[in-house]
Amino acid sequence: MILDTLQNANNYRGLHSGIDKVLEEFKKYTPENYPSGKLQLDGDNLFMIFNNYETHSYKGALAEAHCQYIDVMYMVEGCETICVKPVDQLCNVTKEY
């Protein structure tokens, strides 16, 4: 997991071509021009999902594991707490990866 700001995006260039494309795409968006829905960059191989939502307490939240895709998140506005654990320590994730 990498946690950083968009200002440091150049530090991660070259890790994966998909990450490079997404980091470039992120630069286009602000709270004023933020789209909604799914933007296909390379079919099911590379896409962005734009969400606008109210965050909630982690109590009662379901865990998620990213085993098929790399999840690159960019918070345009607001804040959110993200808790992390190794996948094998998550009690509600199936082992279908």
**Request:** Supply the atom-to-atom distance I19 CD1 to I70 CD1, rounded to the nearest 0.5 angstrom.
**Result:** 4.5 Å
**Item:** Rounded distance (nearest 0.5 Å) linking atom CG of L23 with atom CG of N10
**Value:** 8.5 Å
**Qualifying side-chain hydrogen bond (donor to acceptor under 3.5 Å, both in side chains) pairs, either residue in residues 38-55, two or more places apart** = Y53-E80
**Request:** Please round to the nearest 0.5 Å and tell me the distance separating atom CG of L15 and atom CD1 of I2.
**Result:** 5.5 Å
**Non-neighbouring partners of Y74 that pass side chain to side chain contact (heavy atoms under 4.5 Å, CB included), sequence neighbours left out** = L6, F26, V76
**Prompt:** Are Y12 and D20 close enough that a side-chain donor and a side-chain acceptor fall under 3.5 Å?
**Reply:** no
**Request:** Quick one: name the residues clustered hydrophobically with I49, using the 4.5 Å side-chain heavy-atom rule over I, L, V, M, F, W, Y, and just say none if it's on its own.
**Result:** F47, Y69
**Request:** Identify, with sequence neighbours excluded, every residue that meets side-chain hydrogen bond (donor to acceptor under 3.5 Å, both in side chains) alongside E77.
**Result:** none
**Request:** With sequence neighbours excluded, give me every side-chain hydrogen bond (donor to acceptor under 3.5 Å, both in side chains) pair touching residues 21-31.
**Result:** R13-E24, E24-K27, E25-K28, E25-Y29, T30-E32, T30-N33
**Request:** Would you please name every residue forming a side chain to side chain contact (heavy atoms under 4.5 Å, CB included) with T5, sequence neighbours left out?
**Result:** Q7, N8
**Request:** Check whether M75 and M48 end up in the same hydrophobic cluster, where Ile, Leu, Val, Met, Phe, Trp and Tyr are linked by side-chain heavy atoms less than 4.5 Å apart.
**Result:** no
